[in-house]
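Reading through the structure tokens given below for one structure.
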Amino acid sequence: MSLDISEIAPYDFAPIESKWQNFWLKNRSFSTDCNSSNPKYYVLEMFMYPSGKVHIGHVRNYTIGDIFARFKRAKGFSVLHPVGWDAFGLPAENAALKQKAHPKNWTYRNIGIMKSQILSLGFSYDWEREFATCDEKYYAFQQKIFLAFHKKGLVYRKKSEVNWDPVDNCVLANEQVVDGCGWRSCAPVEKKSVDQWFLKITDFADELLTELDKLDGWPEKVKIMQRNWIGKSEGCSIAFKSSAGENITVFSTRPETIFGATFLAISPDHELAQKLALSNEKAKRFIDEFKKGSVAGEFLDKQEKLGLDTGITVSHPLLEKKLPVYIANFVLMDYGTGAVFATPAHDERDYEFAMKYGLPVERVIRAKDESSGELPYLEDGTLINSDFLNGLSVAEARKVVIDRLTQLKIGKRETFFKLRDWGVSRQRYWGCPIPAVHCSKCGIVLLAEKNLPVLLPPDVDFSSPGNPLDNHPTWKHVECPTCGVPAVRETDTLDTFVDSSWYFLRFCLNDSNAENLLARKDIDHWMQVDQYIGGVEHAILHLLYARFFTKALADCGFVSIREPFRNLFTQGMVCNATYRRENGEWLFPEEVRKNKGGDFEVIATGEKAIVGRFEKMSKSKKNVVDPDVIVKNYGADALRIFVISDTPPDKDFPWSDDGLEGCGRFINRVWRLFSFLESRGVCAAQCSAKVDLESLPAGIRELYVGFHRTIKNVTDAIEGRHMNKVVAHIRDGVNSVYLALDEVESHRGIFSLITRDLIKMLAPIAPHICEEAWERFGFRELVSENPWPTYEEDYLKVSLINLPIQVNGKLRGTIEIDPEEEESEVFAKALRLAGVQNAIARGALQKRIFIKGKIVNFVVADAET
RNA sequence: GCCCGUGUGGCGGAAUGGUAGACGCGACAGACUUAAAAUCUGUUACUCGUAAGGGUGUGUGGGUUCGAGUCCCUCCACGGGCACCA
């Protein structure tokens, strides 16, 4: 007597999962080189910061990537799927302070821990390409890139106001300032003037913008965010003759409104304002007040428009008219020219200001329908009160007025960007040293390539404040590479975003040629990244820098491509329920229970607990789940399935213990199925090539043909990155096999075919159980090395369908027919349905709609209406 | 304020303009069991009805269409990004 399916022992995943993980690693199953004749495919997930523990969010990110990598491999691609560590950065130094561990030891220890966690999830990585950005070899090369950029004129130094983080004691890039606060410390940012190294990302502003249009494989959302960040404005700069002597140059994107200009506004930081403050007490006070406000920074959004009449006037360039000049707090010095002409009638901000200070408003654009007399008027229309522009449309007028101003030599077409150059200096130890020295004779000198690398000194002291490199007794003292006199090393290190701006290139190289990025063969072979996967939080920072680096490296001759990532996928965050006490203090889920009334209470005290929203898992909100615990209790396969189930991968994922439990059950269900089939003599490794459909009984034929539909569904879903649907369709397939289990012994051949392809389709998601089943069914090679299943197009055509019959668009019944059935025959059958008869009897039949194989709709004029 | 996205059962979510709710979670029931768990098999949008069979349903209000979750317009709610960018 053979075993009933319910008697099969549960799946003991632990030994099986470690068996295959060891096998893959030992046999270098996923190692790649560029000698394959298959087309290449480069799958990359954003690499990890070695904080100490892998987060469930990482698991989701890497699972999505791994499914894709395994799928593409099965589809016959030569897949590069590397892994590495974004290992420089602040937390290592914080740990050094707190735990008295050297940043290097702390970092590499964390990498060790996290690597074992990652290995326990069974990802198909090429571990031979693994590296950390703090590896000497890696950052040594980064220094060469820095020199190359310098040679190309992309590096410069500038004394400038920078964002100073008073808590982390370091400079922040514009992009690292969130709502006026440091992105990590959340402390209000102060302004400070420091000598800084800058990378000229603005040289590429136009290209970074226009190339976005070609990135078809990127989410629109990310492209929009980058577009806004680059912030291109095309317009015209215009010089106004001023009573103070010098001209005031303004920038406007709407020069056609110049006849409506009633005043000029300049920034409190404008040269003229600064000059005025020297002699004018009122102006000085106004500017000082402004500075205070801007440092506090909190009311920026609601800040009232304030201005001060300077008493200075300018001449309107096209009218016999003087305009007053105001210092205004809403004019930014670091955008455009720091001065604007104001046309209150057609600009909201100017209008508000004019109202407040009683300045004239002159309308120069008439609405098309003339109905809108409301001001400010911001829409398109026809120019009025504007001399030679009268009667023109806004677009025409813009062109004409710029031409005229250019001709008169008082204006010129100009473009401004919001994008600023990238300040890369950090006053930190744990980063890539900037290869430069300060010489008393020669000034700042960059090292020659032969003097590289500049390695971090291992012996550093974190006990005193500031940069340990600066405090180091010997490290910074060197000879000037140019004149040989004693000089001092640059003690700033590079922003860690520099490290992550080219790591995807390093992955293209083996360890053997890693030091020679100029040997471009491998890079040319693998780049671009065909599928990049990561969090949307990097939409601007990392993704823009990486694009910039690729373009700059191309200009320096390192790479051939100008865009690094062909397809980008941004996955959602993993969220979990949150609980708080009434005083707002967060609670662990274990501290809370549901009471009889259905409300939540704190177990220890019985006080009321408030159920919060699902929030991104974070330690502070006490709602994190530890991947190690899940893997231990449910196995890697169950966790992998769970993190991609149910929710589209680009959406936030709501964690649920029940859902995870369900995936554990599913893995068991699959295991029992495989075991049962094996015990009934199903031999997947010996499938017959041909199936005679006609000879099969209807039920089995339906099962087999239906399974081809499943293969198509799964394949399409995975290609479209709809991982939740992939799981749903596979479950569908498993369910239909379960329902046909009585037939196994009489149709072993069909069940063998189905089993073989089911394993193949599940393998990218749950590779361990599939590798094991594959082996037990008698296959020699790995399922990971087998081609993806194919389906018969012919089988997708169904012999009978349920055709919906509608009356006035409402479903009144269905008829089972051949999809090719002719119109008249279908109508005849449809009209025999009782529901249809009843509905039609209410009025006169006016029209009949027939869409072959899709629908029938009878249109009836309702007698009652 | 501007830009983008999202609104579908108790929940996560399916649905080339053509039978709304695939798949899963939860719940309920049956089988197996002394029993429970596990497992297998069903049922499960709401509503009227014993039933047969009706009616109502995809945030709101309108429109296009034989037919709208899907396309167009209006408004509302939630989420995200940018935020005095001239």
note: A:F614, atom CZ; B:G12, atom P; distance rounded to Å ~ 9 Å
With a non-hydrogen cut-off below 4.0 angstrom, is A:N724 in contact with a base, only sugar-phosphate, or nothing?
sugar-phosphate
Pairs: protein N or O with nucleotides 52-61 of chain B N or O, under 3.5 Å:
unit_1: B:U56; atom_1: OP2; unit_2: A:K810; atom_2: NZ; d: 3.3

Sorted by chain and number, sequence neighbours left out, side-chain contact (heavy atoms from CB on, under 4.5 Å) with A:R227 holds for A:L209, A:L212, A:D213, A:E220, A:K223, A:I224
Within residues 337-348 of chain A, the residues having a heavy atom closer than 4.0 Å to RNA chain B are A:V340
pair_partner(B:G24), Watson-Crick or wobble, both distances < 3.5 Å, evaluates to B:C11
Review point. For atom C1', what is the distance between B:G9 and B:C46, given to the nearest Å?
Key: 9 Å
*asked:* Below the 4.0 Å mark, does B:C85 have OP1 or OP2 next to a side-chain nitrogen or oxygen of A:R349?
replied: yes
Check: When you compare B:C2 with B:G26, how far apart are their P atoms, in angstrom units rounded to a whole number?
Finding: 45 Å
Quick tally for nucleotides 24-35 of chain B: nucleotides whose base has a protein heavy atom under 4.0 Å get B, sugar-phosphate-only ones S, the rest -, giving SSS---------
Is any side-chain heavy atom of A:F707 closer than 4.5 Å to one of A:Y791?
no
Fill in: Residues A:F642, A:F653; criterion ring pair (Phe, Tyr, Trp, His ring centres under 6.0 Å); working and verdict
CA-CA 10 Å; A:F642 179 53; A:F653 178 85; 5.1 Å; yes
Notebook entry, point to check: Which value, in whole Å, describes the distance between the P atoms of nucleotides B:C40 and B:A77?
Noted result: 47 Å
- request: Describe the nucleic acid contact of A:S252 in one word from base, sugar-phosphate, nothing, applying a heavy-atom distance below 4.0 Å.
  value: sugar-phosphate
message = What I'd like to find out is whether the side chain of A:F13 reaches to under 4.5 Å of the side chain of A:W671, using heavy atoms alone.
response = no
On RNA chain B, more 5' by nearest nucleotide between A:P654 and A:R254 is A:P654
Closer than 4.0 angstrom, basic N to acidic O: yes or no for A:E821 and A:K829? yes
Between CD1 of A:I644 and P of B:C23 the distance, given in whole Å, is 17 Å
- Item | Residues A:R254 and A:E256 bridged, charged N to O under 4.0 Å | yes
Tell me whether the NZ or CZ atom of A:R669 lies within the 45° cone about the ring axis of A:Y738 and under 6.0 Å from its centre. yes
Looking only at B:C66, B:A86, B:C23, the nucleotide nearest the A:D732 side chain is B:C23
Pairing partner of B:U34, by Watson-Crick or G-U wobble and under 3.5 Å for both distances, is none
Testing B:G13, B:C85, B:U19 for proximity to the side chain of A:S233, the answer is B:C85
A:L419 CG to B:C82 C1', in whole Å, measures 15 Å
Please give the distance between the P atoms of B:G81 and B:C71 as a whole number of Å. 26 Å
On the ring face of A:Y11, is A:R672 found with NZ or CZ under 6.0 Å from the centre and within 45° of the axis?
no
* To do: Could you tell me whether A:Y738 contacts a base, only the sugar-phosphate backbone, or nothing, with contacts defined as non-hydrogen atoms closer than 4.0 Å?
  => sugar-phosphate
Using the P atom on both, measure B:A22 against B:G30 and round to a whole Å.
24 Å
Atom CE of A:M723 and atom P of B:C23 are separated, to the nearest Å, by 21 Å
* To do: Indicate, with a heavy-atom threshold strictly under 4.0 Å, whether A:I224 touches base, sugar-phosphate, or nothing.
  => sugar-phosphate
Applying the 3.5 Å cut-off to both distances, the Watson-Crick or G-U partner of B:A29 turns out to be B:U41
In whole angstroms, the gap separating C1' of B:G13 from CZ of A:F642 amounts to 13 Å
Rounded to whole Å, the CD1-P distance (A:I5 to B:U41) equals 8 Å
Show, in sequence, the C-alpha distance, side-chain angles and deciding distance for A:T262 and A:F341, and conclude whether the side-chain contact (heavy atoms from CB on, under 4.5 Å) test is met.
CA-CA 8 Å; A:T262 56; A:F341 76 72; over 6 Å; no
Under 4.0 angstrom between A:N857 side-chain N/O and B:G18 OP1 or OP2
no
### Euclidean distance for C1', B:A14 against B:U19 (whole angstrom)
14 Å
### Query
Is it the case that A:R349 places NZ or CZ above or below the six-membered ring of A:F330, under 6.0 angstrom from the centre and within 45 degrees of the axis?
no
Inset, instruction - Classify the nucleic acid contact of A:R672 as base, sugar-phosphate or nothing, counting any heavy atom under 4.0 Å across all strands shown. - result: sugar-phosphate
Q: Determine the Euclidean distance between corresponding P atoms of B:C84 and B:C25; express it in Å to zero decimal places.
A: 49 Å
- Message: What's the gap between B:C75 and B:C4 when it is taken at their P atoms, as a whole Å value?
- Response: 14 Å
### Task
For A:V727, answer base if it contacts any base atom (sugar-phosphate contacts may also be present), sugar-phosphate if it contacts only those atoms, and nothing otherwise; contact means non-hydrogen atoms under 4.0 Å.
nothing
Assign the ring pair A:Y357 / A:Y326 to parallel, tilted or perpendicular, where the plane angle (0 to 90°) is split at 30° and 60°.
tilted
* Contact class for A:P648 vs. all strands (heavy atom < 4.0 Å): base, sugar-phosphate, or nothing? -> sugar-phosphate
Is there a side-chain polar atom (N or O) of A:S645 under 4.0 Å from OP1 or OP2 of B:C23?
no
Discussion item. I'd like to know whether A:T343 forms a side-chain hydrogen bond (donor to acceptor under 3.5 Å, both in side chains) with A:D350, so could you lay out the CA-CA distance, the side-chain angles of the two residues, the decisive distance to 0.1 Å, and finally the verdict.
Written reply: CA-CA 6 Å; A:T343 309; A:D350 297 348; 5.2 Å; no
Per the O4'-C1'-N9-C4 / O4'-C1'-N1-C2 angle with a 90° window around 0, B:G9 comes out syn
Per nearest nucleotide of RNA chain B, the residue lying toward the 5' end, A:L803 or A:K651, is A:K651
Under a 3.5 Å limit on both distances, the Watson-Crick or wobble mate of B:U64 is none
| query | Across the strands shown, which category fits A:L739 at heavy-atom distances under 4.0 angstrom: base, sugar-phosphate, nothing? | reply | sugar-phosphate
Worksheet item: Hey, is the main chain of A:L831 close enough, under 3.5 Å, to the side chain of A:Q837 for a donor-acceptor pair?
Response: yes
- Could you tell me whether a side-chain N or O of A:N329 sits under 3.5 Å from a main-chain N or O of A:K305, the two making a donor and an acceptor? no
Contacts of A:R60 meeting salt bridge (Lys or Arg N to Asp or Glu O under 4.0 Å) (sequence neighbours excluded), chain-then-number -> none
Subject >> Main-chain N/O of A:G809 paired with A:R812 side-chain donor or acceptor, under 3.5 Å >> reply: no
Handout entry: Heavy-atom donor-acceptor pair, A:K305 side-chain to B:C84 base, under 3.5 Å
Key = yes
task = Answer yes or no: is there a donor N or O on one side and an acceptor on the other, between the side chain of A:S252 and the main chain of A:C236, under 3.5 Å?
result = no
Show me the protein contacts with nucleotides 77-81 of chain B, counting only N or O atoms at under 3.5 Å.
unit_1: B:G79; atom_1: OP1; unit_2: A:R613; atom_2: NH1; d: 2.8

task = Assess whether side-chain contact (heavy atoms from CB on, under 4.5 Å) is satisfied between A:Q806 and A:F858, documenting all intermediate values.
result = CA-CA 6 Å; A:Q806 298 181 333; A:F858 295 103; over 6 Å; no
Re B:C2: Watson-Crick or G-U wobble partner, both distances kept under 3.5 Å, found to be B:G81
